[in-house]
Amino acid sequence: MALLSRDFFAQTDTLRVARHLLGKHLHVRELHTGEVCTLRITETEAYCGTTDRACHAFGGRRTARNEVMYGPPGYVYIYLCYGIHHLLNFVTHQQGEPHAILIRAGEPVAGLQTMLTRRSMQRYEPRLAAGPGSLARALGLTVADSGRYGCEPHRIWVTDAPLIDPEAILEGPRVGVEYAEEDARLPWRFRIRQ
DNA sequence: TTGGCGATTGACT
DNA sequence: GTCAATCGCCAAG
């Protein structure tokens, strides 16, 4: 299927992009070996710019860490959470509008053995890439990859797949953002119904 | 320069 | 169900 272009991520309705990313294939190449691991995206969350209290760019906050969110769409923003977990996001909307989509979960499509090794697992279990920290670990991604372009088949990219039927998409509040007050309740988390 | 804390996970009761 | 791990970030001093 076709590579998702910058135009896909440049759409200004980040909630729509977050829904449309469900079912797409996320690929990460190990640059030393050339091996590609692929996950089918099953869960996403939208973070919508300077007015979203749960977003790292709330209130226009702009630091070295989140600078990539202010850049053009289609780039990846990866940051370290709780000192342990690396979390993968794709930057959306236009340059200067710091929106992003957190990739929270996926199912293996290719490169299973390598992902199992990275997760210290003997055989496939759903927890392989369920949760954003686990997903990044399975794919071998760290903050060293933050700022990479995510629309060319080099290190990180996404390919198209048929749209998921809206009836099969569950919406709910975002996870772990209780501090965001009223914005914590916004149904900006999207999952494929099992 | 410092201290509180987080878009989480896994181990344990 | 509870809770510790673990460290870079960043607002405040």
Side-chain angles (χ1 to χ4, degrees), chain A residues 9 13-22 24 26 28 39 41-71 73-93 97-108 115-148 150 156 158 169-192:
Chain A
F9 296 99
D13 184 345
T14 296
L15 301 182
R16 172 187 163 94
V17 179
R19 286 189 195 92
H20 285 195
L21 273 176
L22 294 175
K24 303 293 190 269
L26 168 63
V28 176
L39 292 175
I41 298 170
T42 58
E43 184 174 336
T44 60
E45 270 178 6
Y47 288 86
C48 297
T50 58
T51 59
D52 176 1
R53 300 188 89 90
C55 181
H56 286 175
F58 174 68
R61 191 159 58 109
R62 185 168 184 162
T63 67
R65 180 177 72 153
N66 71 8
E67 180 63 30
V68 64
M69 292 183 76
Y70 286 85
Y75 284 74
V76 299
Y77 170 44
I78 303 177
Y79 71 94
L80 186 64
C81 187
Y82 293 98
I84 306 171
H85 307 292
H86 300 263
L87 275 56
L88 169 67
N89 301 257
F90 281 86
V91 175
T92 63
H93 211 292
E97 290 289 334
H99 291 224
I101 295 168
L102 173 67
I103 308 300
R104 290 193 54 90
E107 301 169 339
M115 292 192 285
L116 288 175
T117 301
R118 293 191 184 116
R119 294 277 287 124
S120 302
M121 293 171 64
Q122 302 300 314
R123 60 189 62 195
Y124 174 67
E125 300 168 47
R127 67 181 178 90
L128 175 75
S134 300
L135 180 143
R137 186 163 185 90
L139 292 172
L141 294 172
T142 72
V143 292
D145 292 298
S146 192
R148 284 191 189 271
I156 305 170
V158 184
I169 296 177
L170 297 174
E171 302 182 5
R174 292 175 291 184
V175 176
V177 298
E178 290 72 20
Y179 62 87
E181 301 172 24
E182 66 274 21
D183 289 345
R185 296 190 295 274
L186 294 170
W188 288 358
R189 175 191 192 197
F190 305 98
R191 285 176 286 165
I192 298 176

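Just so you know, these numbers come straight off a predicted model, no measurement behind them.
A donor-acceptor distance shorter than 3.5 angstrom exists from the side chain of A:N66 to the backbone of A:T63, with no hydrogens or angles considered. When atom types are taken as modelled, the side chain of A:T44 and the backbone of A:I103 share no donor-acceptor pair closer than 3.5 angstrom. Under a 3.5 Å cut-off, the side chain of A:D183 and the backbone N or O of A:R53 do form a donor-acceptor pair. Panel note: side chain A:S134, backbone A:A129; no donor-acceptor pair is recorded below 3.5 Å.
In the region residues 133-140 of chain A, proximity to DNA chain B at under 4.0 angstrom, judged on heavy atoms, holds for A:G133, A:S134. For the segment residues 178-190 of chain A, the set of residues with a heavy atom within less than 4.0 Å of an atom of DNA chain B comprises A:Y179, in numerical order. Of the residues in residues 98-107 of chain A, those with a non-hydrogen atom less than 4.0 angstrom from any atom of DNA chain B are A:L102, A:R104.
In summary, A:R191 and A:E171 do not engage in a salt bridge, as defined by a charged side-chain N under 4.0 Å from a carboxylate O. Ion pairing of A:E43 with A:R189 is present here, as a side-chain N (NZ or NE/NH1/NH2) and a carboxylate O approach within less than 4.0 Å. The residues A:D52 and A:R174 are annotated as salt-bridged, a charged nitrogen and a carboxylate oxygen being separated by less than 4.0 angstrom.
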Per-nucleotide protein contact along nucleotides 2-13 of chain C, 5' to 3', at a 4.0 Å heavy-atom cut-off (B base, S sugar-phosphate only, - neither), is ---BBBSSSS--
Can you give the dot-bracket line for DNA chain C, where a pair is Watson-Crick or G-U wobble with both atom distances under 3.5 Å, crossing pairs use [ ], and | marks a partner on another strand?
-> |||||.||||||.
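Within the structure, no pair that satisfies the salt bridge (Lys or Arg N to Asp or Glu O under 4.0 Å) test touches residues 129-144 of chain A, not counting sequence neighbours.
Atom CG in A:L128 sits roughly 18 Å away from atom P in B:dT8 (whole-Å rounding). Per the geometry, CZ belonging to A:R53 stands 14 Å off P belonging to B:dG6, to the nearest Å. In this structure, A:F58 atom CZ and B:dC5 atom P are separated by 18 Å, rounded to whole Å. Residue A:L87 contributes atom CG, which lies 14 Å from atom P of B:dG6 at whole-angstrom precision. The CG-C1' distance, from A:L88 to B:dT8, rounds to 15 Å in whole Å. The nearest whole Å value for the distance from the OH atom in A:Y79 to the P atom in B:dC5 is 17 Å.
Residues A:E181 and A:Y179 have side chains that never bring a donor and an acceptor to within less than 3.5 angstrom of each other.
Using a 4.0 Å heavy-atom criterion, one finds that A:R119 contacts the sugar-phosphate atoms exclusively.
For the pair A:R65 and A:Y77, the cation does not sit on the ring face, since its NZ or CZ is not both under 6.0 Å from the ring centre and inside 45° of the axis. Figure legend: A:R62 and A:Y70 shown as a cation-pi pair, the cationic atom lying under 6.0 angstrom from the six-membered ring centre and within 45 degrees of its axis.
No side-chain heavy atom of A:L39 sits under 4.5 Å from any side-chain heavy atom of A:E107.
Ring centroid separation for the pair A:Y79 and A:H56 comes in under the 6.0 Å cut-off.
Each of A:T14, A:T92, A:T50 was scored for a side chain to side chain donor-acceptor pair (under 3.5 Å) with A:H99, with one residue passing: A:T14.
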